[in-house]
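Letters go in sequence order (proteins before strands), and every chain restarts at 1.
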There are 2 protein chains.
Amino acid sequence: MSMRPVESEPLLTPAEVAAMFRVDPKTVTRWAKAGKLSSIRTLGGHRRYRESEVRELLAGMIPEQRAADDQV
Amino acid sequence: MSMRPVESEPLLTPAEVAAMFRVDPKTVTRWAKAGKLSSIRTLGGHRRYRESEVRELLAGMIPEQRAADDQV
DNA sequence: TCTCAGTAGGGTAATTAGGGCA
DNA sequence: GCTGTCCTAATTACCCTACTGA
């Protein structure tokens with residue numbers, strides 16, 4: 001059986017993102033609803049997150065978060 | 001669920017760090033603002049601390065008298 | 001088809017940020 | 001200088017039930 005290489009972006013589950021930020025999975029959901037983090041939905045309504053975006057946010061390289069950082 | 005291995009650094013909450021040093025969480029916040037301790041921010045602005053860094057600082061807490069002894 | 005950990009949704013408690021003061 | 005405490009507002013954690021997905 002042959003699998004044509006379909007380029008897809010690495011996605012993370014809510015639990016995985018939550019673990020990286022050391023927060024509750026529900027908190028990640030709130031970030032998505034608030035538009036602070038873009039999310040992809042499964043056909044059943046569950047959210048998936050782009051690993052690349054999450055890593056950038058963790059590194060503090062996104063404007064939204066830097067705004068919070070700047071008051072330090 | 002699979003939980004594909006996502007490499008991320010273990011983080012600590014302000015309360016956890018405060019308990020380890022036996023100080024008020026607010027004091028930990030001041031350490032972070034003073035640059036004595038590096039911090040990562042959640043998307044909501046709350047701080048998270050690197051466990052490895054905290055442990056190193058704890059290990060560096062040397063009793064006054066012992067510090068003097070060490071120079072012998 | 002069955003199982004069950006994970007997630008969504010909503011509500012309420014607990015932490016944290018920030019400033020100022022002792 | 002350094003820490004603890006009081007205050008308000010914002011953010012996050014924990015509770016539940018029902019549905020999703022591997």
Side-chain angles (χ1 to χ4, degrees), chain A, chain B residues 1-68:
Chain A
M1 102 190 247
S2 64
M3 286 288 271
R4 176 172 65 87
V6 178
E7 41 185 298
S8 64
E9 189 172 4
L11 298 178
L12 299 174
T13 65
E16 290 168 341
V17 177
M20 294 172 72
F21 278 95
R22 187 56 162 86
V23 295
D24 192 273
K26 286 301 197 57
T27 298
V28 179
T29 297
R30 253 183 280 104
W31 292 345
K33 283 207 270 188
K36 295 179 178 179
L37 176 61
S38 60
S39 64
I40 297 174
R41 294 281 204 141
T42 67
L43 299 186
H46 286 195
R47 296 185 180 84
R48 296 286 114 97
Y49 305 93
R50 305 177 192 280
E51 181 176 7
S52 57
E53 182 180 3
V54 171
R55 302 217 105 99
E56 287 178 351
L57 286 171
L58 260 178
M61 317 183 89
I62 303 294
E64 266 87 1
Q65 200 210 354
R66 296 206 29 103
D69 262 343
D70 288 344
Q71 44 187 328
V72 178
Chain B
M1 170 147 262
S2 38
M3 250 323 204
R4 143 172 95 87
V6 179
E7 57 209 71
S8 65
E9 191 171 6
L11 301 177
L12 297 174
T13 64
E16 290 170 339
V17 178
M20 293 170 72
F21 279 94
R22 248 295 209 163
V23 295
D24 193 275
K26 188 101 179 196
T27 298
V28 179
T29 297
R30 292 196 183 100
W31 292 345
K33 294 175 72 173
K36 296 179 178 178
L37 178 61
S38 62
S39 65
I40 293 176
R41 297 290 200 122
T42 67
L43 300 193
H46 285 199
R47 296 183 180 84
R48 295 285 113 103
Y49 304 94
R50 305 177 194 278
E51 182 177 11
S52 59
E53 184 178 0
V54 171
R55 294 203 178 282
E56 286 178 0
L57 288 173
L58 271 175
M61 291 203 322
I62 305 171
E64 304 289 329
Q65 1 183 75
R66 306 250 320 125

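- We find that NE2 of A:H46 is positioned 6 Å from P of C:dA8, with the value rounded to whole Å.
- Side-chain atoms of A:E51 never come within 3.5 Å of backbone atoms of A:E9 as a donor-acceptor pair (strictly under, hydrogens ignored).
- Residues B:L11 and A:F21 have side chains not in contact (no heavy-atom distance under 4.5 Å, counting atoms from C-beta outward).
- Considering only heavy atoms from C-beta on, A:R50 stays 4.5 Å or farther from A:S39 through its side chain.
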Margin query: Just to be sure I follow the notation: if a pair is Watson-Crick (purine N1 to pyrimidine N3 plus N6-O4 or O6-N4) or a G-U wobble (N1-O2 and O6-N3), each under 3.5 Å, what dot-bracket string does DNA chain D give, with | for pairs to another strand?
Written below: ..||.|||||||||||||||||
Note to self: Between B:H46 and A:V23, is the side-chain contact (heavy atoms from CB on, under 4.5 Å) condition met? List the steps.
What the structure shows: CA-CA 10 Å; B:H46 285 199; A:V23 295; over 6 Å; no
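- Nearest nucleotide to the B:T27 side chain, out of D:dG4, D:dG21, C:dA17: D:dG4.
- For the pair A:T29 and B:Y49, both in contact range of DNA chain C, the more 5′-proximal nearest nucleotide belongs to A:T29.
- The side chain of B:R48 contributes no N or O atom lying less than 4.0 Å from OP1 or OP2 of D:dT11.
- The closest donor-acceptor contact from the side chain of B:E16 to the backbone of B:T13 lies under 3.5 Å.
- Rounding to whole angstrom units, CZ of residue B:R41 and C1' of C:dA17 are separated by 8 Å.
- Dashed line: the shortest gap from a side-chain N or O of A:R47 to OP1 or OP2 of C:dG9 is under 4.0 Å.
- Of the candidates D:dA13, D:dT11, D:dT3, the closest approach to any side-chain atom of B:W31 belongs to D:dT3.
- Remark: C1' of C:dT16 and NZ of B:K33 are 12 Å apart, rounded to the nearest angstrom.
- Taking 4.5 Å as the limit, some side-chain heavy atom of A:T42 sits within range of a side-chain heavy atom of A:R48.
- Taking the side chain as every heavy atom from C-beta outward, B:K36 and B:L57 never approach each other to under 4.5 Å.
- More than 12 heavy-atom neighbours from other residues, nucleotides or ligands sit within 6.0 angstrom of CZ on A:R41.
- DNA chain D is contacted by B:V23, B:D24, B:K26 of residues 7-26 of chain B, taking any non-hydrogen atom closer than 4.0 Å.
- Not a single donor-acceptor contact under 3.5 angstrom links the side-chain atoms of B:R30 to the base of D:dG1.
- Spacing between atom CG of A:L43 and atom P of C:dT7 amounts to 17 Å, rounded to whole angstrom units.
- Listed for the A:E53 side chain is no donor-acceptor partner under 3.5 Å among the backbone atoms of A:L37.
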